[in-house]
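Values below: all heavy atoms of this structure, side chains included; hydrogens, waters and symmetry mates excluded.
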Amino acid sequence: MPAISITTPKPFDFDLTASHQTHYRGIAGADVYEGGVYYRALRRGSRVLVAAVSESSGGRGLDVSLEDGASDSDLAYAAQAVAGLLGLDADLSGFYDTLTADPVLARTVASLHGLRPTRTENVFEALVVAVIGQQISGAVARVIRDLLVRTFGTPAEAHGHALFAFPTPHVLAEAGHDELRAMKLSNRKAEYIHGIAIKTLDGTINDGHLAGLEDEEAVEELVKCRGIGRWTAEWMLIRALGRPDVMPAGDLALKRVVSQLYFDGADITESQLADFGRERWSPYRGLATTYLFSHLRRERAQNETGPDAAV
DNA sequence: ACCCAGGCATTGG
DNA sequence: CCAATGCATGGG
């Protein structure tokens with residue numbers, strides 16, 4: 001099986017990072033983490049490559065394997081894509097310095113040392129996943145996201161696993177309203193996602209262009225799209241572009257966790273959270289957000305399968 | 001049977 | 001310009 005090694009930066013915890021990417025549940029959308037191997041179906045042009053990623057036996061990096069027939073060029077592509085998905089290119093040193101100055105945050109995320117800010121494959125994936133997650137609980141969002149990926153994603157049988165590449169803008173743009181509604185999306189969200197697919201196809205939403213914009217410029221441009229508000233734009237910047245200083249201050253769960261950790265449970269407003277984050281965590285508000293959410297996700301997943309998993 | 005959940009667009013003051 | 005309202009669905 002063709003494979004390529006990639007060296008990893010420090011600090012880096014592969015298990016933590018792959019678990020975070022799959023919401024500590026082994027599968028989340030197009031991402032799968034099972035038996036110590038992270039699987040992801042990647043799009044390269046019109047083809048799909050399935051990467052299987054595991055720690056090198058030497059422990060000095062990662063091995064990325066593709067199916068037989070993959071070229072050296074495919075391997076180089078996959079190595080680069082996996083490095084992005086796992087956030088290996090992020091710089092954590094400044095954030096860890098911030099942690100030493102914030103004992104509350106440091107204690108909360110103490111067991112997340114080496115977690116990397118993982119990413120989606122592209123802007124479209126992040127936007128669609130964010131729209132799905134608007135207003136509803138993580139549990140509901142997961143059901144809808146996984147259904148969408150299994151229904152409209154590109155199946156890729158490889159490494160003995162049935163995997164799916166994330167649906168293309170083309171497929172979702174071609175899908176009828178009733179087909180999207182069947183994904184348990186609301187009428188509105190079905191329209192939003194359809195529109196985002198169209199705008200991605202016609203270049204109105206363009207990864208390279210957005211990557212060249214400052215955080216706030218990108219938000220201002222994205223919120224012109226129907227269905228994309230500030231919250232959705234900010235999550236896209238974090239998830240797709242790995243922006244380290246973006247914080248979705250309107251996020252209900254983030255408000256709650258910051259309230260509990262820093263304000264004795266008292267309700268805080270969006271602007272209070274924005275001020276707090278700017279003063280306390282700049283310029284690493286995005287990394288603080290990622291770590292806090294990883295903490296929440298893991299707690300929730302453990303509570304469901306943990307103490308009284310009476311099976 | 002309610003009520004809430006990692007928002008958004010629309011409407012009405 | 002700010003406040004209220006409907007939306008779809010699964011879990012508590």
To the nearest Å, how far apart are [X] [atom1] and [N] [atom2]?
{"X": "Met236(A)", "N": "dG6(B)", "atom1": "CE", "atom2": "C1'", "answer": "17 Å"}
{"X": "Arg256(A)", "N": "dG6(B)", "atom1": "CZ", "atom2": "C1'", "answer": "8 Å"}
{"X": "Ile136(A)", "N": "dA8(C)", "atom1": "CD1", "atom2": "P", "answer": "12 Å"}
{"X": "Leu273(A)", "N": "dG6(B)", "atom1": "CG", "atom2": "P", "answer": "15 Å"}
{"X": "Leu252(A)", "N": "dA5(B)", "atom1": "CG", "atom2": "C1'", "answer": "7 Å"}
{"X": "Leu222(A)", "N": "dA9(B)", "atom1": "CG", "atom2": "P", "answer": "12 Å"}
{"X": "Asn187(A)", "N": "dT5(C)", "atom1": "CG", "atom2": "C1'", "answer": "17 Å"}
{"X": "Leu185(A)", "N": "dG10(C)", "atom1": "CG", "atom2": "C1'", "answer": "14 Å"}

- Item | Separation of the C1' atoms in dG6(B) and dA4(C), to the nearest angstrom |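 To the nearest whole Å, 22 Å.
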Closer than 4.0 angstrom, basic N to acidic O: yes or no for [X] and [Y]?
{"X": "Arg285(A)", "Y": "Glu279(A)", "value": "no"}
{"X": "Asp275(A)", "Y": "Arg278(A)", "value": "yes"}
{"X": "Arg40(A)", "Y": "Glu121(A)", "value": "yes"}

Contact class for [X] (heavy atom, under 4.0 Å): base, sugar-phosphate, or nothing?
{"X": "Ser186(A)", "result": "sugar-phosphate"}
{"X": "Arg297(A)", "result": "base"}
{"X": "Gln135(A)", "result": "base"}
{"X": "Leu296(A)", "result": "nothing"}

Would you please confirm or rule out a distance under 4.0 Å between OP1 or OP2 of [N] and any side-chain N or O of [X]?
{"X": "Lys189(A)", "N": "dC7(C)", "value": "no"}
{"X": "Arg181(A)", "N": "dT9(C)", "value": "yes"}
{"X": "Arg300(A)", "N": "dG6(B)", "value": "yes"}

Can you tell which of [options] lies closest to the side chain of [X]?
{"X": "Val143(A)", "options": "dG6(B), dA5(B), dG10(C)", "value": "dG10(C)"}
{"X": "Arg226(A)", "options": "dT9(C), dG11(C), dA9(B)", "value": "dA9(B)"}
{"X": "Thr232(A)", "options": "dG7(B), dG10(C), dA9(B)", "value": "dG7(B)"}
{"X": "Tyr192(A)", "options": "dA8(C), dG6(B), dC8(B)", "value": "dC8(B)"}

- Message: Which label fits His159(A) and Tyr39(A): parallel for a plane angle under 30°, tilted from 30 to 60°, or perpendicular past 60°?
- Response: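 Judged by the thresholds at 30° and 60°, the geometry between His159(A) and Tyr39(A) is tilted.
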- How are the rings of Phe95(A) and Tyr291(A) set to each other: parallel, tilted or perpendicular (split at 30° and 60°)?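 Taking Tyr291(A) first and then Phe95(A), their aromatic rings sit tilted (interplane angle of 30° to 60°).
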- Message: Between Leu254(A) and Val223(A), which residue's closest nucleotide on DNA chain B lies nearer the 5′ terminus?
- Response: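 By nearest-heavy-atom nucleotide position, the 5'-most residue is Leu254(A).
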